[in-house]
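Here the structure comes first, spelled out in structure tokens, and everything after it is commentary.
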Number of protein chains: 2
Amino acid sequence: MRPVHSALEIVALIGQRQPIGVSAIARDTGLPKTTAHRVLQTLHAAGWIEPDANDGANWSLSIRAALAVGSAQRSTRQLHGAAFPIMEELRNTTGESVYLAVRDADTLALIERLDGRNPLAHAWPLWQRGPLHATSLGKSMLAHLDPAELESCLNATLPRMTRQTKTDRAAIEAELAVTRARGFATSFRENWPNENGVGAAIRNSRGEPTAAISISAPVDRVDEAQCIAWGPLLVAAARRISLGLTRG
Amino acid sequence: MRPVHSALEIVALIGQRQPIGVSAIARDTGLPKTTAHRVLQTLHAAGWIEPDANDGANWSLSIRAALAVGSAQRSTRQLHGAAFPIMEELRNTTGESVYLAVRDADTLALIERLDGRNPLAHAWPLWQRGPLHATSLGKSMLAHLDPAELESCLNATLPRMTRQTKTDRAAIEAELAVTRARGFATSFRENWPNENGVGAAIRNSRGEPTAAISISAPVDRVDEAQCIAWGPLLVAAARRISLGLTRG
DNA sequence: GACCAACGTTCCGCCATATGGAACGAACAA
DNA sequence: TTGTTCGTTCCATATGGCGGAACGTTGGTC
């Protein structure tokens, strides 16, 4: 059912880029502008999208869309409840921003963010997707994935986010081995040009790395040594969250 | 685009009733079973639904669905943040369950629930929709709606939830007048046969009643007099939440 | 064990309807 | 003014969604 595929793709795109207009949607999806326009009218008639409150020319998701799939968040809600208090501890002891993300196929999505004492210039917005291979969040999960899934995450052409982003398959695999050994992952200017991060994977009851937490900060405030020093802290926090999931 | 409408309707239905199978979906939407089946296959291929983890024969929404529209929750997230601490206060002072809901067209959806000291036998699940006219949550919002919207909410045939549900238009309007005057709404066995409730509306920055909080409890523990006595408490709490929204 | 109801699934011919290139007026920048 | 990009409308084409009918399977009942 082609129209349904188009509609779902457009809904997801609006979720990532709202507010957004017809032409941009057509460009990003590869659909003809006519088709995109028709789909938008349909979504609007169904009440899933509406003209943006501030930018009336473009489209945003409506509350109805949120309510329709709200129950799908039961899983992330449990995770959220287990992780939040521990993330607060991490934020208080380090003073830096703490992130919580889940994996979906070969991307990750940010579920929660606690801002540090000095708020970041470009805070990563909630629900925004990001690459697995360039973030400490993503690499901590990749390191513990089974080979088949790892393959499906890495066989595409990996986007280069900054000059430091590792896009070479062998280099990434080598780093994942280090990550696997020490339990935490790092990202030094690999996702944003002036930001370092350190992250650790959270495991569900079957032991799969379905989520991750990380600390991220500007390079001039937190250098690579500091990230590595914080590593064990994150490993311990992630383990406590994982335990909270299996019990709860 | 008929297929898109069907797909969105089915997604919303699964969100309300998951896990659910093809036949039940076909019944509830009025679609032929063949069409429902085809839509489900399409949604599955797109990754929005998956066979339920416990009940493999039926379908549930996937995490991908939640992530796709996650950003639509920005609005409810702000509300949630403003309401949560005040709801906790209410729960602690009364010891009963506290609810937070938003309105969508002529229904309401539960966004947050804090269980009281004695958990209810049939707790209302999060994200579950309910009727406006039979709940204190709904009536508190209806009372402050502008006439046009009120009309669109009440002109359909109002479902009778219990023997005490008021479905007569004149009776409802009369009660809304009382509600408007005193600032809070009540529901005595009108939504569940053995439950009383009292609620107050939360207003957004434009003064519109977009959400509501309520306290609900079994009739043998909380009688009608107790609900009315708690009324001013809820009005004060709702006002504080409203102020938190306009400032935040 | 035999029956029946309800389930999920597959098949197939018909024709409704999604498609997308082309052209339009409006808004904006250079 | 000119050129670009925006959102929108039109229309002939043929793609692909439609739904009745029939299938195999499961689970409950007598």
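A note on names: the letters A, B, ... follow the listed sequences, proteins ahead of strands, and every chain is numbered from 1. None of these values were measured; they are calculated from a predicted model.
Going from atom CH2 of B:Trp59 over to atom P of C:dT9 covers 7 Å, rounded to whole Å. D:dG7 atom P lies 13 Å from atom CG of A:Asp52, rounded to whole Å. Note: NE2 (B:His37) to C1' (C:dT9) measures 5 Å, nearest angstrom. Going from atom CZ of A:Arg38 over to atom C1' of C:dG21 covers 12 Å, rounded to whole Å. If you measure from atom CG of B:Asp55 to atom P of D:dG27, you get 11 Å, rounded to the nearest angstrom. The distance from atom CD of B:Gln41 to atom P of C:dG8 is 12 Å, rounded to the nearest whole Å. B:Met1 has its CE atom 6 Å from the P atom of C:dA18, to the nearest Å. Nucleotide C:dT10 holds its P atom 13 Å from the CG atom of B:Leu40, rounded to whole Å.
Residue A:Ser23 places at least one side-chain N or O closer than 4.0 Å to OP1 or OP2 of D:dG7. Phosphate contact (OP1/OP2 of D:dG19, side-chain N/O of B:Thr35, threshold under 4.0 Å): present.
Without hydrogens or angle criteria, B:His5 side chain to A:Ala45 main chain gives no donor-acceptor distance under 3.5 Å. No donor-acceptor distance shorter than 3.5 angstrom exists from the side chain of A:Thr107 to the backbone of A:Pro131, with no hydrogens or angles considered. B:Ser62 contributes a side-chain N or O that, together with a main-chain N or O of B:Gly47, makes up a donor-acceptor pair within less than 3.5 Å. Under the 3.5 Å distance criterion, the side-chain polar atoms of A:Gln18 are matched with a main-chain donor or acceptor of A:Leu61.
Of the candidates D:dT8, D:dC6, C:dA18, the closest approach to any side-chain atom of A:Pro3 belongs to C:dA18. With distances taken from any side-chain atom of A:Pro32 to the nucleotides D:dG19, C:dG8, C:dG20, the minimum falls on C:dG20. Listed nucleotides: C:dA18, D:dC6, C:dG8. Nearest to the side chain of B:Asn58: C:dG8.
A donor-acceptor contact under 3.5 angstrom links the side chains of B:Glu112 and B:His80, judged on distance only.
With the nearest nucleotide of DNA chain D identified for both A:Arg2 and B:Leu31, A:Arg2 has the one nearer the 5' end.
Judged by atom type and distance alone, B:Lys33 does not reach the base of D:dG19 through any side-chain donor-acceptor pair under 3.5 Å.
At the heavy-atom level, B:Thr34 lies under 4.0 Å from base atoms of the strands shown.
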